[in-house]
Amino acid sequence: MLRRMLGRSKCFLGQVSRFNGKRSIAGVCMFVGGAGMAQYMCFEAEAKKKWPTIKKSEVAKHKSADAGIWVTYKDGVYDITDFIAQHPGGAERIMLAAGGAVDPFWSLYQQHMVSSVYDILKDYRIGTLSPEDAALSIDISDPYSTDPERHPALVVHKAKPFNAGTPSQLIPDNPITPAALWYKRHHHPVPVVDPNEFVLVVESDKDSDGVRSIKLSLDELKQKFPKQTVMTTLQCAGNRRSELNAFGEKTQGLCWKSGAVSTAKWGGVRLRDVLKYAGMDLENPQTDHIWFMGMDPPYDASIPIRKAIDPYGDVLLAYEMNDEELPRDHGFPIRAIVPGHVAARNVKWVNRVVASNVESHSGWQRGVQYKGFSSNIKSFKGVDPSKETSVQELPVQSAICEPLPNTMVSKDEDEVKVRGWAWSGGGRGIVRVEVSGDEGKSWVTAKLRRPGQKPGQEWAWTLWEADIPIPDKDNFKICSRAIDTSYNSQPGNVGPLWNLRGILNNSWHHVDVKVDRE
């Protein structure tokens with residue numbers, strides 16, 4: 001039956017295709033039609049049988065080959081150990097659900113949900129999830145109890161406040177990252193906002209005459225200004241901090257790997273249109289900075305006025321993400337989108353926009369958090385961060401998504417396919433990505449999937465892939481470097497990039513690979 005199922009359906013978790021006319025990421029095969037419905041009813045009947053009750057904590061223990069691979073679907077518990085190696089989408093993908101629920105993956109990866117999938121799944125059932133684990137509860141004493149539910153594939157670095165990266169092996173599947181898989185960088189609980197009560201305030205601070213004070217409801221914002229869209233990549237300044245930690249001395253901040261980056265299509269209104277409506281003279285603005293104040297104080301940040309009102313800068317007050325309402329985790333109802341700038345300036349949950357002659361007073365703007373210090377500084381004692389320039393545009397960057405670190409490849413395959421992403425700040429596009437399998441002695445030019453944006457407005461990443469020869473040795477290192485349209489290239493040595501805050505690491509990205517020579 002397994003062979004028949006694999007012949008008729010494509011995958012559990014895997015490719016990208018179209019379903020009902022919409023682009024969707026492949027998941028457990030979707031049934032359609034009357035026969036499929038009948039089979040689904042049989043699956044439901046199977047679920048009503050008497051099974052041993054298994055706690056969620058017990059399922060969580062089974063996520064390795066030695067312990068067995070268990071997953072849950074609805075209230076069923078399944079031992080899929082024997083299926084892992086046969087998964088058409090690859091063992092690595094289905095292992096993202098190991099020890100947990102497949103439901104979030106199936107809702108995200110909806111291609112080819114056919115009756116044969118339920119046939120195969122029911123054969124692996126071993127029990128029923130305990131009722132208390134199946135029910136969700138909210139602890140009102142916990143300030144994070146109202147945070148949204150998150151996808152289990154995210155690489156969690158901190159649960160409260162929630163900080164998690166996009167699984168790197170899923171990045172090359174789609175130029176636009178599904179919202180559920182977007183990396184999350186929070187400093188506080190996610191605000192609960194009633195859109196009907198929401199008001200955006202635009203004003204000047206006491207030392208500026210840049211705009212007059214106005215208030216706009218969410219509906220007014222949508223009705224008074226034309227909608228604009230922009231596809232842009234956001235990257236945390238601390239992306240790849242883990243490599244700086246591995247270099248030697250520990251840095252400050254979360255130990256991000258290479259997944260603190262994602263791309264979306266944003267919809268909203270141009271910031272310059274709103275500022276003009278509030279009386280700003282766009283030809284001669286009487287202000288130097290624009291602050292974005294969020295509903296998760298004390299977080300706020302600012303950008304230079306030149307970027308804020310640049311007709312080619314594409315700065316938005318966004319209310320949509322990937323053609324849908326902005327999710328709570330990503331700033332509902334309004335967030336700032338500042339293409340080409342560090343993600344920290346793309347403030348979420350914005351309810352105040354302030355024209356000022358000085359930068360935001362926030363510690364995230366004026367403090368040490370987003371300042372690029374010298375590698376000589378080992379302590380911030382006695383350091384005046386105000387003398388350092390705040391990070392705005394980010395340097396050219398690339399990362400390898402596949403193979404994952406310590407992947408085993410066979411010498412018989414001759415070559416290994418390498419996939420990844422590249423991006424540069426300030427709207428600079430990627431002209432070339434080079435990949436090496438001998439630590440930079442020789443390079444292969446990667447095939448690029450460019451976003452097709454205008455020069456100077458290339459806000460989104462470039463996906464790439466290359467085939468690298470497998471050497472006749474037990475292990476080797478793959479590395480990538482990108483070159484942007486200003487011909488900035490990633491530096492090879494991580495050492496000089498080390499800094500106490502652990503930000504701005506754009507050295508060559510390395511992945512260690514093992515070779516099966518038998």
Side-chain angles (χ1 to χ4, degrees), residues 16 165-177 183 231-237 239-240 242-243 256-263 339-340 342 393-405 407 409 414-471 476-494 497 504-513:
V16 176
T166 300
S168 61
Q169 65 268 42
L170 300 183
I171 287 177
D173 288 348
N174 199 338
I176 294 180
T177 313
Y183 89 96
M231 178 178 166
T232 185
T233 296
L234 300 187
Q235 181 183 200
C236 179
N239 201 27
R240 299 180 56 197
S242 61
E243 298 163 49
W256 293 103
K257 297 182 180 179
S258 60
V261 60
S262 301
T263 298
V342 63
E393 297 179 0
L394 288 177
V396 63
Q397 177 75 281
S398 75
I400 297 166
C401 299
E402 292 181 337
L404 293 174
T407 293
V409 298
D414 296 328
E415 294 181 330
V416 58
K417 183 170 291 295
V418 184
R419 302 200 300 163
W421 59 269
W423 181 78
S424 190
R428 295 178 290 274
I430 300 299
V431 297
R432 188 167 65 252
V433 174
E434 298 173 331
V435 188
S436 175
D438 55 13
E439 301 188 51
K441 295 182 180 68
S442 62
W443 297 88
V444 172
T445 301
K447 180 180 179 182
L448 306 183
R449 294 169 58 192
R450 293 188 174 92
Q453 296 175 313
K454 295 179 180 179
Q457 294 173 285
E458 296 178 81
W459 311 122
W461 58 21
T462 292
L463 302 181
W464 56 264
E465 64 179 48
D467 294 320
I468 300 299
I470 300 174
F476 68 108
K477 193 182 297 290
I478 300 174
C479 57
S480 69
R481 66 182 181 191
I483 299 93
D484 69 18
T485 50
S486 293
Y487 287 94
N488 300 306
S489 180
Q490 291 177 254
N493 188 359
V494 68
L497 298 179
L504 306 176
N505 176 21
N506 71 324
S507 60
W508 297 353
H509 190 221
H510 297 82
V511 169
D512 292 315
V513 180

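This is a predicted model, so every value here is computed, not measured.
Residue Leu404 comes nearest to Ser168 through the heavy atom pair CD2-OG, 3.6 Å, listed as atom of the first residue, atom of the second, then distance. In terms of heavy atoms, Ile468 sits closest to Gly437 at CG2-CA, 3.8 Å. Residues Phe476 and Ile478 come closest through the heavy atom pair CE1-CG1, 3.5 Å. Contact detail for Trp461 and Ile171: the closest heavy-atom pair is CH2-CG2, 3.5 Å. Looking at every heavy atom in both residues, Asn239 comes nearest to Ala260 through OD1-N, 2.9 Å. Val396 and Ala482 get closest at one heavy-atom pair: CG2-O, 3.8 Å.
Proximity of a side-chain donor or acceptor of Trp421 to a complementary backbone N or O of Pro172 within less than 3.5 Å is not detected. A donor-acceptor distance shorter than 3.5 angstrom exists from the side chain of Arg450 to the backbone of Val431, with no hydrogens or angles considered. The main-chain N or O of Cys479 is never found under 3.5 Å from a side-chain atom of Ser436 such that the two would form a donor-acceptor pair. For the pair Ser242 (side chain) and Trp256 (backbone), a donor-acceptor distance under 3.5 Å is present. Looking only at distances, no side-chain donor or acceptor of Glu243 sits under 3.5 Å from a matching main-chain atom of His509. Thr462 places no side-chain N or O within donor-acceptor distance of the main-chain N or O of Leu448, the cut-off being under 3.5 Å. A donor-acceptor pair is defined here as one N or O able to donate and one able to accept, closer than 3.5 Å; such a pair exists between the side chain of Trp423 and the backbone of Trp459. Proximity of a side-chain donor or acceptor of Arg240 to a complementary backbone N or O of Ser507 within less than 3.5 Å is detected.
Of the candidates Gln169, Glu402, Glu465, Arg419 forms a side-chain hydrogen bond (donor to acceptor under 3.5 Å, both in side chains) with just one, namely Glu402.
For Glu393, the side-chain contact (heavy atoms from CB on, under 4.5 Å) criterion is met by His341, Arg428, not counting sequence neighbours.
Remark: Lys417 NZ is packed, more than 12 non-hydrogen atoms of other residues, nucleotides or ligands lying under 6.0 Å away.
With values rounded to the nearest 0.5 angstrom, Leu463 atom CG is found 7.5 Å from Thr263 atom OG1. Summarising the geometry, atom CD1 belonging to Ile483 is positioned 4.0 Å from atom CD belonging to Glu434; distances are rounded to the nearest 0.5 Å. Considering NZ of Lys477 and CD1 of Ile400, their distance stands at 10.0 Å, rounded to 0.5 Å. Atom CE of Met231 and atom CD of Glu458 lie 11.5 Å apart (nearest 0.5 Å).
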What verdict does the side chain to side chain donor-acceptor pair (under 3.5 Å) test give for Ser398 and Gln490, after you've listed the backbone C-alpha separation in whole Å, the side-chain angles of each residue and the deciding distance to 0.1 Å?
CA-CA 8 Å; Ser398 75; Gln490 291 177 254; 2.6 Å; yes

Test Thr166 against Val261 for side-chain contact (heavy atoms from CB on, under 4.5 Å), laying out the working first.
CA-CA 7 Å; Thr166 300; Val261 60; over 6 Å; no

Give the C-alpha distance, both sets of side-chain angles, the deciding distance and a yes or no for side-chain contact (heavy atoms from CB on, under 4.5 Å) between Trp464 and Ile430.
CA-CA 10 Å; Trp464 56 264; Ile430 300 299; over 6 Å; no

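Inter-residue side-chain proximity for Leu504 and Pro395 is flagged as met; some heavy-atom pair is nearer than 4.5 Å. Contact check for Leu497 versus Pro491: side-chain heavy atoms found under the 4.5 Å cut-off. With a 4.5 Å cut-off on side-chain heavy atoms, Pro403 and Val418 count as touching.
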